[in-house]
Number of protein chains: 2
Amino acid sequence: MRMGEGVEWALHCCLNLTWVEDGEAVTATKLARFYGLPRDYLNKQLQALSRAGVMSSVPGPRGGFRLARTAEAITVLDVVVAIEGREPAFRCDQILAAGPGGSADVDYVETCLISQTLRAADLAWRRELASRTIADLKASVEQRYPHTPQRTRDWFLNLPA
Amino acid sequence: MRMGEGVEWALHCCLNLTWVEDGEAVTATKLARFYGLPRDYLNKQLQALSRAGVMSSVPGPRGGFRLARTAEAITVLDVVVAIEGREPAFRCDQILAAGPGGSADVDYVETCLISQTLRAADLAWRRELASRTIADLKASVEQRYPHTPQRTRDWFLNLPA
């Protein structure tokens with residue numbers, strides 16, 4: 001069970017977009033060059049973030065990507081779900097239905113204690129990711145690394161489109 | 001990001017083994033037939049559980065698999081890790097190292113706030129799974145479904161090896 005590398009990329013891109021000039025869109029090429037990431041593959045993640053309403057894709061010569069909502073309104077879970085999908089890590093196959101005394105009429109996803117335990121762990125994971133927003137990350141980074149916002153802004157300004 | 005179906009199978013097999021006669025080994029064939037699972041594929045999971053010290057593989061005509069430890073000493077996390085591996089779901093690729101001001105000397109797994117957040121979620125997931133043992137599951141099932149232990153024992157006795 002492995003989370004794709006796109007989650008890390010997406011979160012860093014969201015964070016970086018909080019530091020560019022208000023509402024300014026940044027191209028996929030610039031976002032990719034910032035960390036030396038493969039542009040086409042990153043672009044796929046950015047499109048997924050747009051479909052999920054985390055980013056907006058802005059067309060035109062000054063186009064690119066920007067956050068679709070305030071950083072306070074985007075949780076880390078929103079970004080993870082945009083990239084990894086809504087499907088929980090554990091999907092109960094209800095094998096109890098095929099066992100002795102099993103019934104096709106019972107929803108074992110709900111009644112099976114093993115299913116409940118694995119779903120509780122999924123929930124704990126989601127709850128943790130939902131408890132932090134991009135704004136929280138931004139505030140923590142700015143406190144710990146005060147030069148990051150200006151440095152990030154300057155880099156995007158000086159990079160070719 | 002998806003947990004393999006083997007986890008569900010493995011947990012049900014561990015639970016079922018708590019209900020057979022003390023120390024009795026059950027063949028992979030019997031364990032698979034209980035839920036109509038593919039025997040060879042289940043056998044791979046049982047071998048993984050043996051390697052992880054959750055089950056013991058007993059050779060010989062009365063051989064098969066039994067729990068290697070008491071049900072109190074096997075957590076749900078032990079079973080998940082035996083099947084899915086020790087690797088956490090999130091692996092930080094340290095893309096900050098390639099960014100502006102990045103350094104090969106810094107361990108960004110530790111310093112990056114995004115990495116910390118995703119690892120905290122992994123930890124919450126593990127903590128939840130580690131908080132329940134096979135004995136806890138057994139006790140909950142026996143309380144809710146009091147006929148399950150005897151029915152399970154009878155089925156294994158009456159199934160051909």
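Not measured: the values here are computed from a predicted model. So you know, we letter chains A, B, ... as the sequences are listed, proteins then strands, and number each from 1.
In this view, Tyr145(B) satisfies the ring pair (Phe, Tyr, Trp, His ring centres under 6.0 Å) rule with no residue, not counting sequence neighbours.
Comparing Asp136(B), Val141(B), Asp154(B) by heavy-atom pairs within less than 4.5 Å of chain A, the highest count is held by Val141(B). For the set Arg126(B), Arg144(B), His147(B), the entry with the most heavy-atom pairs within less than 4.5 Å of chain A is Arg144(B). When each of Glu8(B), Gln116(B), Glu128(B) is scored by its heavy-atom pairs under 4.5 Å with chain A, the top score falls to Glu8(B). Most heavy-atom pairs under 4.5 Å with chain A: of the set Leu96(B), Leu129(B), Leu37(B), Thr152(B), this distinction falls to Leu96(B).
If you take CG on Leu137(A) and SG on Cys112(B), they are separated by 8.5 Å, rounding to the nearest 0.5 Å. Distance check: Ile114(B) CD1 to Leu11(A) CG gives 5.0 Å after rounding to the nearest 0.5 Å.
Of the atoms belonging to Arg91(B), heavy atoms from both backbone and side chain fall under 4.5 Å from chain A. For chain A, the nearby parts of Thr111(B) are the backbone and the side chain; heavy atoms of each come within less than 4.5 Å. Interface remark: Val76(B) contributes side-chain atoms only to the contact with chain A (heavy atom separation under 4.5 Å). The parts of Cys92(B) that come within reach of chain A are both its backbone and its side chain, each placing non-hydrogen atoms under 4.5 angstrom from that chain.
The two residues Ala121(A) and Trp125(B) have their closest heavy-atom pair at O-CD1, 3.3 Å. Closest approach of Tyr35(A) to Gly99(B), counting heavy atoms only: CD2-CA, 3.8 Å.
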